[in-house]
Structure formats: C-alpha cells, structure tokens
Amino acid sequence: MENHTSSFSSPKAYLRALTQTPTRLARRAGSVSTSYDEMSRVRARSGAHMQRTLRWFDLIGLGLGGMVGSGVFVTTGMAAHYAGPAVILSYAIAGFCALLSAFCYTEFAVDMPVAGGAFSYLRVTFGEFAAFITGANLVTEYVMSNAGVARSLTLYSGSIIGVPTDKWRLTVPGLPDGYNQIDFVAVAVVLIMTVIICYSTRESSVVNMVLTALHISFIAFIIIMGFWHGEWKNFTKAGHPENPSGFFPHGAQGVFHGASMVYVSYIGYDAVSTMAEEVRDPVKDIPVGVSGSVVIVTFLYCLMAASMSMLLPYDMIDLVAPFAGAFREKSEGWEWVSNVIGVGASFGILTSLLVSMLGQARYMCVIGRSCVVPAWFARVHPTTSTPVNASAFLGILTAAIALFTDLNVLLKLVSMGTLFVYYMVANAVIYRRYVTVGTTNPRPTLSFLCSFTLTAILFTLTWEFAPTGKLKSFMLSACGVIALAILQIFHCMVPQARKPEFWGVPLMPWMPSISIFLNIFLLGSFDGGAYARFGIFSALAVLVYVFYSVHASFDAEEDGFLGQKNSEIHVEPKEIVDLIKV
C-alpha cells in the first residue's frame with residue numbers, strides 16, 4: 001500500500017487537505033461501517049479489551065442508579081410548576097417515550113454489543129456524518145447532565161441543613177446570570193467520581209449496587225410518608241388563590257411541557273446500553289437490563305411525584321429541593337423527614353453521577369475508535385480494562401462546566417440533546433430493518449421517514465401555536481390521520497430487508513414510529529433560547545467535522561483502519577456470535 005501523508009503532519013499538509021474537503025466529504029460523510037467491523041477491526045483500535053463481567057442485575061442496578069437521582073430530585077419541582085399535580089402523567093409520558101426508545105437501543109445493542117451506543121448504531125446505518133453529529137450531542141448531553149447533577153448536590157445539601165446556596169458558592173460580579181456562581185463542591189465530587197470509574201468497571205458496579213440499594217430504601221420511605229402524611233385535596237387545589245386549580249392547572253400543554261423537562265431523568269438507561277461491550281451474555285442480559293430498568297424507574301417516578309403532589313399544592317413546591325422542602329413546609333415536627341430525604345437524595349445523585357460518567361467515557365472511547373476524534377481517546381488501559389483517557393478528559397471537562405454553569409441552563413440543553421438522539425436512533429432501527437446497503441433501494445424507507453417526520457412537526461407546530469378552536473382540532477385530527485395513513489401504507493407496501501438474529505423491536509414499524517412522533521412532539525415544548533443553544537452547538541459540531549474529523553477519518557481510511565464508503569461485508573450469524581463471546 002502506498003504511504004499516505006497525514007493531513008495534520010504540517011501546516012502545508014493541512015492546507016492541502018482543506019482544498020480537498022468537498023471530495024473527502026463526499027467520500028466519508030455517508031460512509032457506513034458494519035456490525036462485524038465494529039466488533040472486530042474498530043474495537044481492536046483500543047488495544048486491550050474491556051472485560052465482560054456484567055450480568056442483567058448489574059444492568060438494572062446501573063439503570064436505577066443512573067436515572068432515579070437525576071430525575072426526581074432535580075427536575076420534579078420545576079416540572080410540577082408547569083404541569084401541576086399532573087406531573088405524574090408527565091413522568092408516565094416521558095417514561096413511555098423512553099421505553100420505546102429503549103426497545104430501539106436494545107435491538108442494536110444485542111446485535112452489536114459495543115460501547116458506542118447510539119454513535120455506533122448510526123454509524124452502521126446512516127454513515128459517519130450523522131453518527132458524528134449524534135455523538136457530539138451525546139457527549140454534550142452527558143457532560144452537561146453530569147455537571148447539572150453535581151451542582152444539584154450542593155443545592156440539596158444546602159436546603160437540608162438550612163444553609164443558603166449562596167453560602168456554598170462564590171458569586172462573581174460581572175458575569176452573566178446563570179454563569180456567575182462558582183461551585184467548588186461540585187468540582188470535587190466530579191473529580192472523585194472520575195477516579196472511581198477509571199479504576200474498574202466491575203468495582204464501580206458493586207459500589208453502584210450498594211448505593212442504589214440504600215437509595216431505593218429511601219425512595220420507599222418517601223413514597224410511604226408522602227401518602228401517609230399527604231392530603232388528597234392537594235391534587236385539585238392551588239396554594240395561592242390567584243393561581244389556577246385542578247389536576248391540570250395549565251392543561252395538556254403544561255403536562256407535555258413538564259414531560260419534556262423530566263425526560264432528562266431517563267438518560268441513565270442510555271448509559272446502560274454503552275455497557276454492552278462489558279456484558280457477559282448480551283443476548284439475554286441486555287433486553288432485561290435496559291428495558292427492565294426503564295419500567296421500574298418510571299413506576300417509581302410516578303409514585304414519588306404522586307406523594308409529593310399530596311404533600312403540598314403544586315405552586316408551593318420548592319423548585320430546588322421539592323421533596324425535602326415539601327416535608328419542611330408541611331408542618332412542625334416533620335423536619336427530620338426532610339433531612340432523611342436529603343440523605344437519600346444525596347445517594348441517588350451520587351449513583352446517577354457515577355453511572356452517567358461511566359457512559360460518557362465509553363461513548364468517547366468508541367468515537368475515538370472511529371478516528372473522528374483523536375485515537376488517544378480510544379485507548380483501554382490493559383490493567384484496569386477501562387477507557388482511562390476518555391474518562392479523565394471528560395471528568396475534567398465536566399468539573400469545569402460544573403464550576404460555573406447554572407442548573408436550569410444545563411437542563412434545557414440536555415433535554416434537547418436527549419430527544420434528538422432518541423429520535424435519530426428510532427429512525428435508524430427502522431432504516432436498518434428495511435434497507436440492506438447495496439441490495440435494497442433505500443428511497444421508499446427514506447421517503448417514509450421524511451414524510452412521517454414532517455407530519456409530526458406539523459402536528460407539533462399546530463399544537464403549540466394555533467389558537468384554540470375548531471380549526472386547531474381539525475388540523476390536529478388531520479395530521480394524526482395522515483401520520484397513521486403514511487405508517488400503514490409503508491407497513492403494507494415495503495417488506496423488511498432483514499430480521500433480527502437475536503432480539504428485535506416488537507410491532508415494527510409501529511413502536512419506533514410512535515417514538516419518532518413523541519420525541520418530535522416533546523421537542524416542540526422548548527423555548528426559543530433552548531433551540532438557539534442547541535443550534536449553535538450543532539453548528540459548532542459541523543465545523544469540527546469539516547475542519548478536523550473528515551480529514552482524520554480520511555487518513556485512517558487511507559492507512560487501512562477504516563472501510564470505504566458504503567462497504568458491506570456479508571457475515572454469517574455464527575461469526576457474529578463468536579465475536580459477541582470475545
């Protein structure tokens with residue numbers, strides 16, 4: 001093979017590479033990998049293998065630990081002010097949407113048990129560019145979420161012991177609101193967690209199981225105390241007469257707005273899917289671990305939201321520490337309950353941080369394997385069998401953001417990133433079922449995905465902006481009928497190109513299509529500022545791809561590390577099974 005000069009070997013080489021950007025984009029942006037490559041040649045770029053030590057109960061424990069802390073104890077208070085007591089339904093809607101997405105993740109994870117999660121799934125489906133944009137959103141989603149959770153620990157701790165948050169943080173005059181409070185405690189917590197996840201995945205799972213068991217006992221305590229000490233009238237009455245009353249004080253729109261806010265609480269199951277490379281028996285353990293954790297957590301969330309709604313009217317719930325604050329405000333003599341809840345919340349927040357940081361490192365590791373970021377991130381330490389480089393880098397980055405960025409700013413960007421990624425994975429699982437590269441015409445499937453997405457967008461825009469009346473009802477009904485018709489026509493006219501070898505999403509294409517629709521609908525609940533931040537970051541990700549990633553992956557292809565555009569290798573099921581067992 002002719003020696004290829006790296007695009008980054010000198011300024012002259014880089015300038016020459018920039019002049020070839022259009023050609024390289026055409027060659028690399030749509031290039032797809034294969035399941036076989038992802039589990040063999042690509043995985044080999046990490047050097048040492050991650051050890052397969054996890055079982056289904058480890059995955060459920062990781063899912064519970066990853067989701068419960070960041071969801072209820074951070075977002076419920078804010079969501080309740082939008083949805084009222086119907087925040088229970090907000091959690092149910094978000095949980096149902098997450099479960100549908102979990103089915104999509106599970107099909108990919110069983111077929112291709114690697115640590116890359118959605119990045120790898122899109123890379124074998126829609127190609128490198130779509131995978132990179134999704135991967136950039138995934139890493140941002142995790143870093144922002146973990147920074148927010150770390151800052152929430154100081155918020156909750158301050159509320160528990162009665163010390164104002166300002167006493168825990170240093171306010172810097174001159175910086176804009178939302179970025180002017182320095183939190184050194186959050187930084188310390190993130191750095192400690194970074195050291196733990198660098199040490200060992202198995203030991204991290206054991207630590208998580210212990211903390212999660214303690215945390216679930218506190219969850220049960222909160223639910224029991226809330227139903228025992230609460231009042232049913234709080235489901236229908238506001239605390240202040242000027243605020244609307246009823247179970248739906250702000251209508252269905254408030255419920256869905258609340259659902260979009262609490263959706264961030266389901267990021268944890270996504271982290272579970274990134275552990276697929278370390279699962280002992282992916283075919284049996286991943287479906288139980290991923291989907292089971294979402295079902296259990298959704299049930300717990302709804303019960304906790306109900307108990308909180310019984311304790312206080314929705315407009316009196318504390319935005320910072322809703323559960324501890326609910327008992328403190330309820331009556332004298334119950335302050336000890338808020339302190340107990342605070343301890344349980346701290347356990348939950350710590351486990352959520354631990355699991356999410358495990359997930360973000362594995363995403364970055366696999367992105368490094370694909371050569372769209374430096375391969376340094378892909379290295380797995382031979383002694384610890386963990387992606388130490390990715391773990392350390394993202395831990396430091398998370399700590400830096402947790403130092404100064406306000407929780408509300410973080411949550412809005414994280415939720416949008418989560419919904420976008422889940423939307424992409426749902427599209428990918430349909431495309432992969434109905435299209436085989438090189439043998440199947442992709443146009444019918446792409447036409448379906450585009451038309452269904454446009455119909456969902458039209459429905460969402462009508463729901464959000466059209467004035468209430470008969471015309472709005474007619475337009476919503478028409479969009480719903482059109483969406484069902486498009487789905488049914490596609491189901492009847494386009495045959496599936498492949499059947500899952502081990503586990504597949506049931507009721508294809510209905511379930512992933514519903515996931516697409518719900519994700520778009522929830523995306524419509526965000527304000528213009530959230531879209532602006534999401535758009536700015538996505539634009540920055542595109543610039544990084546154009547000026548660095550496409551050239552790095554082109555170099556890797558020339559050096560024989562990556563396959564060429566639209567390559568498809570036929571692999572027998574037995575070979576895939578052998579790779580899964582490696």
Taking every non-hydrogen atom, the tightest pair across Asn146 and Ser356 = OD1-CB, 2.8 Å
Which class fits the ring pair Trp503 and Phe103: parallel under 30°, tilted 30 to 60°, perpendicular over 60°?
-> tilted
Parallel, tilted or perpendicular: which fits the ring planes of Phe8 and Tyr548, with parallel below 30° and perpendicular above 60°?
-> tilted
Walk me through it: do Thr462 and Leu458 pass the test side-chain contact (heavy atoms from CB on, under 4.5 Å)?
-> CA-CA 6 Å; Thr462 303; Leu458 181 59; 4.3 Å; yes
Would you call Cys97 and Asn519 a side-chain contact if the rule is heavy atoms closer than 4.5 Å?
-> yes
Using 4.0 Å as the upper bound for N to carboxylate O, is an ion pair formed by Arg432 and Glu107?
-> no
Do Tyr363 and Leu394 have side chains that get closer than 4.5 Å, going by heavy atoms?
-> no
Centroid separation Phe420 to Phe534 less than 6.0 Å | yes
Nearest atoms (heavy-atom pairs only) where Thr125 meets Val32 = O-CG1, 3.9 Å
First locate atom CD1 of Ile401, then atom CE of Met144, and finally report the distance between them rounded to the nearest 0.5 Å.
-> 4.5 Å
Validation row: Met275, Ile286 side chains within 4.5 angstrom (heavy atoms) | no
Could you walk me through whether Leu100 and Leu518 pass the side-chain contact (heavy atoms from CB on, under 4.5 Å) check?
-> CA-CA 10 Å; Leu100 295 179; Leu518 287 176; 4.3 Å; yes
Taking C-beta and beyond as the side chain, do Leu484 and Gln488 meet within less than 4.5 Å on heavy atoms?
-> no
Give, for atom OG1 of Thr455 and atom CZ of Phe452, the distance between the pair rounded to the nearest 0.5 Å.
-> 7.5 Å
Would you say the side chain of Ser120 lies within less than 4.5 Å of the side chain of Met112, judging by non-hydrogen atoms?
-> yes
Answer with yes or no whether the side chains of Glu128 and Ser370 bring together a donor and an acceptor at under 3.5 Å.
-> no
Can you tell me if Arg362 uses its side chain to pair, donor with acceptor, with the backbone of Pro387 under 3.5 Å?
-> no
Do Leu59 and Ser293 come within less than 4.5 Å of each other through their side chains, counting heavy atoms only?
-> no
Check the pair Phe119 / Phe132 against ring pair (Phe, Tyr, Trp, His ring centres under 6.0 Å), numbers first and verdict last.
-> CA-CA 7 Å; Phe119 174 82; Phe132 178 81; 7.9 Å; no
Nearest heavy atoms of Ser391 and Cys198, plus distance in Å | CB-SG, 3.5 Å
Give, for atom CD1 of Ile430 and atom CG of Leu449, the distance between the pair rounded to the nearest 0.5 Å.
-> 5.5 Å
Nearest heavy-atom contact between Phe459 and Gly480 is CD1-N, 4.4 Å
Answer whether the closest heavy-atom distance between the side chains of Met424 and Asn137 falls below 4.5 Å.
-> no
Might you point out which heavy atoms bring Ala378 and Arg369 nearest each other, and give the distance in Å?
-> CB-N, 3.5 Å
Kindly indicate, with the supporting measurements, whether the criterion salt bridge (Lys or Arg N to Asp or Glu O under 4.0 Å) is fulfilled by Arg52 and Glu277.
-> CA-CA 7 Å; Arg52 293 191 177 276; Glu277 196 168 314; over 6 Å; no
Supply the atom-to-atom distance Arg28 CZ to Asp555 CG, rounded to the nearest 0.5 angstrom.
-> 10.5 Å
Polar side chain donor-acceptor pair, Tyr423 to Thr453, under 3.5 angstrom | yes
Quick one: does Thr436's side chain have a donor or acceptor within less than 3.5 Å of a partner on Thr439's backbone?
-> no
Pairwise distance CE(Met475) to CD1(Ile482) - rounded to 0.5 angstrom = 9.5 Å
Inter-residue atom distance Leu62.CG - Ser352.OG, 0.5 Å rounding | 11.5 Å
Please name the pair of heavy atoms, one in Met357 and one in Ile197, separated by the smallest distance, quoted to 0.1 Å.
-> O-CD1, 3.6 Å
Does a donor on one side chain and an acceptor on the other come within less than 3.5 Å for Ser7 and Arg24?
-> yes
Intermediate values then yes/no, ring pair (Phe, Tyr, Trp, His ring centres under 6.0 Å), Tyr431 and Phe126 = CA-CA 8 Å; Tyr431 187 88; Phe126 294 135; 5.0 Å; yes
Can His551 and Thr21 be said to form a side-chain contact (heavy atoms from CB on, under 4.5 Å), step by step?
-> CA-CA 8 Å; His551 304 293; Thr21 297; 3.2 Å; yes
Take Val372 and Ile367, measure what side-chain contact (heavy atoms from CB on, under 4.5 Å) needs, and give me the verdict at the end.
-> CA-CA 7 Å; Val372 290; Ile367 294 173; 3.6 Å; yes
Does the separation of the ring centres of Tyr121 and Tyr105 fall below 6.0 angstrom?
-> yes
Ser101 side chain near Val425 side chain, heavy-atom distance below 4.5 Å = no
Does Phe393 have its ring centroid less than 6.0 Å away from the ring centroid of Phe377?
-> yes
Ring center gap for Phe448 and Tyr434 short of 6.0 angstrom = no
